[in-house]
Asker: 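Let me give you the structure first, and then I'll get to my questions.
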Amino acid sequence: MSARIVVVGDVLLDRDITGSSERLSPDAPVPVVDVQHLHASPGGAGLAALLCAGRAGGLPGEPPTVVLVAPLAEDDAAAELRAELAGIDIHALGHDGGTRTKTRVRSAGQTLVRIDDGGPGTPLDVDAGALAAVLGDADVILVSDYGGGITRDESIRRALTETAARVPMVWDPHPRGGDPVPGCTVVTPNLAEARAALGRLGTGPAEPHEPGAEVPDDSLAEALRVGWGARSVAVTAGACGAFLATSGTAELLPTVPVDSSDPCGAGDRFAAAVAVQLAAGGSVLRSVEAAVAAAAQWVEAGGAAAFRDGRIGPDGPAATRRSPHRPLALDPQEAAIHAVAATRARGGTVVATGGCFDVLHPGHLETLRRARDLGDVLVVLLNSDDSVSRLKGPSRPVVGQQDRATLLMGLRDVDGVLIFDEDNPCAALDRLRPDIWVKGGDYTPDLLPEAPLVRSWGGRVEVLPYVPGHSTTGIVDRITAGNVDAH
C-alpha cells in the first residue's frame with residue numbers, strides 16, 4: 001500500500017506569459033512583449049501536492065497517495081486549477097474571494113513584472129470533523145503556507161495541533177501565516193523567514209539578512225526549534241545548503257552551488273522532498289539531506305518556470321549515474337556530501353569503502369571499480385595522515401592526505417572522499433550510514449569489527465578479494481630498496 005501524504009495549504013494559479021521584447025512602447029518607457037506562449041499550473045500548496053505525487057524525493061516504487069486540503073473558489077481559474085490537479089484527491093474548503101493568481105510576464109528568461117490578483121483566500125465553512133478525519137488517515141502531513149489564511153484559522157490550527165502529536169508533520173511557513181503548531185517534525189523556513197520569525201518570537205533580530213553579511217550559524221535553527229516547540233527546524237540558506245537543528249544537535253548540510261537566477265519553487269521542492277522521504281520511512285537527517293539535493297537540482301533545471309512549461313516534471317531532472325567530466329578542483333568532501341544526498345533523493349544505493357590509499361596501484365583500481373558497480377555512488381573513507389602514521393609507522397604516509405584525496409577524485413569510479421582521523425572508520429561510517437560497506441581482504445564479513453555497526457541501520461557488508469601481486473607496503477619497500485621495477 002502506498003504512503004498517504006496530506007498537503008494542507010493555500011492554492012494559487014501561477015501563469016507565465018512568455019515572449020520576445022525588442023522595442024519600447026511609444027506611449028511609455030516600458031518594453032513591449034510580443035506574446036509567444038502562455039503556461040499555467042498550480043502554485044503554492046497545489047505545486048507541493050503535485051511534487052509529492054510525483055515522488056519529489058525520487059524514490060522508486062509506488063508513488064504516494066496525495067490529498068490536498070485547501071480553500072478553492074468557484075470560478076474559471078479554480079476550474080483550471082482542478083483540471084491541473086487531476087490525480088490529486090481534493091478536500092476543498094470554502095474560499096473568500098476569487099482564486100488567487102500570480103501572472104509573470106517574461107522575456108529572454110527574465111521576469112519583467114508580476115501581477116497578483118484574487119483572494120484573499122481565507123478559508124470559509126471549515127467542517128472540523130471532516131478535516132480531523134482526513135488528517136487522521138495521513139502517514140505524513142505537509143503544511144504549505146502561502147499567507148492566504150489557512151494557518152491562522154483557529155479550527156484548522158486546532159486540528160493540526162492535535163494531529164502533530166501522532167503524525168509526522170512538515171511545516172513550510174510564510175511571513176503572513178500563523179506560526180507552526182507545537183510538535184512539528186520538521187519546520188522549513190528560508191533564511192529571511194527564519195530571521196524575521198526569530199524577531200517575532202522576541203529572541204533574535206527582526207531585520208532581514210543583508211546581502212554579503214555573514215550567514216548565520218546553526219544557532220538560528222536551534223533557537224527557532226525551541227521557540228516553536230518543534231522537533232527539528234531546517235533553515236534553507238540557498239547556495240549554502242540548510243541548517244538543521246534537532247534535539248541536542250545542530251549542523252550545516254551543505255550543497256553544491258548551481259548556476260541559476262530563478263530559485264522560484266525551491267522551497268516547495270524542498271518541503272515536498274522532506275515529506276516524501278519521511279513517508280518512505282526516512283530519518284529527519286536523511287530526509288533533509290535528500291531535500292537539499294532535490295532543491296539544488298530543481299533550481300539548476302530552471303525551477304518553477306521550467307516546471308510550468310514542461311521542461312522538468314514532478315520528479316525533477318533525471319540524474320546521470322556517473323559523471324566522467326567532473327572537475328578535479330571539486331572539493332572531495334563537498335562532492336561526497338552532494339553525491340550522497342542526490343543519490344538518496346532519487347532512491348539510489350550508497351556504497352562506501354575505506355583505506356589509506358597511500359600509493360595507488362592496480363589492486364586499488366580493481367577494488368574501487370567493483371565497489372562502484374555495487375551501487376549508484378561510491379564514497380571513500382580515507383585515513384588521515386596521522387591515522388596512517390599510527391597504523392603503518394612513522395615513515396608513512398608517502399603521499400599526504402589532500403593529495404591522496406585529489407588522486408582518488410580523479411578516478412571515474414569515486415564520487416567523493418571523506419577523511420577521518422580515527423584508527424578505524426566506525427565514527428565516519430556512523431555519520432555516512434552507507435547502504436553497502438565494502439572491504440578488500442581474505443576474511444569473512446562477520447570478522448570485520450564494523451560489521452555490526454553497518455547492519456544496525458540495515459546496511460550490508462561486502463568483502464572483495466585482493467588482487468594478487470599488488471601491495472602498497474611492497475611498493476614502498478621496493479622504492480626504499482631502489483628496486484622500483486620489481487613486482
Side-chain angles (χ1 to χ4, degrees), residues 3 5 48 51-52 55-59 64 139-144 164 168-173 180 183-191 193-194 197 215-226 228 230-258 263 265-299 316 333-334 336-348 350 377 430-435 457:
I5 299 177
L51 292 174
C52 288
R55 295 168 298 175
L59 296 173
D139 292 304
V140 169
I141 296 169
L142 168 58
V143 178
S144 179
M169 185 174 295
V170 181
W171 192 292
D172 189 9
C184 285
T185 307
V186 189
V187 185
T188 63
N190 63 34
L191 195 55
E193 292 166 346
V215 176
D217 61 15
D218 45 37
S219 62
L220 176 61
E222 174 61 16
L224 286 174
R225 187 190 70 79
V226 174
W228 281 332
R231 299 178 195 176
S232 64
V233 170
V235 177
T236 58
C240 293
F243 295 100
L244 174 64
T246 56
S247 298
T249 63
E251 60 187 310
L252 170 64
L253 304 179
T255 188
V256 174
V258 297
D268 299 299
R269 184 69 173 176
F270 183 90
V274 173
V276 170
Q277 292 283 333
L278 289 175
S283 67
V284 168
L285 175 60
R286 285 200 174 189
S287 298
V288 174
E289 285 178 334
V292 167
Q297 292 166 358
W298 171 266
V299 173
Q333 176 167 304
E334 184 176 291
I337 293 169
H338 181 68
V340 169
T343 300
R344 285 177 172 149
R346 63 180 186 271
V350 176
V377 65
D430 192 41
R431 176 67 182 85
L432 182 64
R433 300 202 167 196
D435 302 296
W457 57 76

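Quick note: numbers below take in every heavy atom, side chains included, and nothing from hydrogens, waters or symmetry partners.
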Asker: Rounded to the nearest 0.5 Å, what separates atom CG in Asp172 from atom OG1 in Thr188?
Answerer: 3.5 Å
Asker: Nearest 0.5 angstrom please: Asp139 CG to Leu278 CG, how far?
Answerer: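 One gets 11.0 Å once the value is rounded to the nearest 0.5 Å.
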Asker: Please list, chain by chain and in numerical order, all residues satisfying side-chain contact (heavy atoms from CB on, under 4.5 Å) with Pro168, sequence neighbours excluded.
Answerer: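 Residues passing side-chain contact (heavy atoms from CB on, under 4.5 Å) with Pro168: Val140, Thr185.
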Asker: Taking the side chain as C-beta and beyond, is there a heavy-atom pair between Thr236 and Leu191 under 4.5 Å?
Answerer: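 Sidechains of Leu191 and Thr236: no contact.
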Asker: If you round to the nearest 0.5 Å, how far is CG of Leu51 from CZ of Phe270?
Answerer: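 Rounded to the nearest 0.5 Å, the CZ-CG separation comes to 13.5 Å.
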Asker: Between Leu224 and Ala197, which heavy-atom pair has the shortest distance, and what is it?
Answerer: CD2-CB, 4.0 Å
Asker: Hey, could you give me the CG/CD distance between Leu253 and Glu289, rounded to the nearest 0.5 Å?
Answerer: 5.5 Å
Asker: Nearest heavy-atom pair of Ser287 and Gln277: which atoms, and what distance?
Answerer: OG-CB, 3.2 Å
Asker: Could you tell me which residues satisfy side chain to side chain donor-acceptor pair (under 3.5 Å) with Thr246, sequence neighbours excluded, listed by chain and number?
Answerer: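 With neighbours one apart ignored, the set is Thr249.
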Asker: Taking all atoms of both residues into account, what is the closest heavy-atom pair of Leu252 and Cys240, and its distance?
Answerer: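 Here Leu252 and Cys240 meet closest at CD1-O, 3.7 Å.
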Asker: For Ala194 and Val235, which heavy atoms make the closest approach, and how far apart are they?
Answerer: CB-CG1, 3.8 Å
Asker: For the OG atom of Ser219 and the CZ atom of Arg225, what is their distance to the nearest 0.5 Å?
Answerer: 13.0 Å
Asker: Is Glu251 paired with Arg431 through a side-chain N to carboxylate O contact shorter than 4.0 Å?
Answerer: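 Answer for the salt bridge query: yes.
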Asker: Is any side-chain heavy atom of Trp228 less than 4.5 Å from a side-chain heavy atom of Pro189?
Answerer: yes
Asker: In sequence, state the C-alpha distance, the side-chain angles, and the governing distance for Ile141 and Val170, and then conclude on side-chain contact (heavy atoms from CB on, under 4.5 Å).
Answerer: CA-CA 6 Å; Ile141 296 169; Val170 181; over 6 Å; no
Asker: Name all residues meeting the side-chain contact (heavy atoms from CB on, under 4.5 Å) criterion together with Ala48; count only those two or more places apart in sequence or in a different chain, and write none if there are none.
Answerer: Val7, Leu142, Ser144
Asker: Do the side chain of Asp435 and the main chain of Val350 share a donor and acceptor less than 3.5 angstrom apart?
Answerer: yes
Asker: Report the distance from atom OG of Ser232 to atom CD of Glu222, rounding to the nearest 0.5 Å.
Answerer: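 With rounding to 0.5 Å, OG (Ser232) is 10.5 Å from CD (Glu222).
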Asker: Could you tell me which residues satisfy salt bridge (Lys or Arg N to Asp or Glu O under 4.0 Å) with Arg286, sequence neighbours excluded, listed by chain and number?
Answerer: none
Asker: Does the Trp298 side chain pair with the main chain of Gly267, one donor and one acceptor, at a distance under 3.5 Å?
Answerer: no
Asker: For residues Ala221 and Val233, report the shortest heavy-atom separation together with the two atoms involved.
Answerer: O-CB, 3.6 Å
Asker: Minimum heavy-atom separation for Val187 and Ala230, please, with both atom names.
Answerer: CG2-CB, 3.9 Å
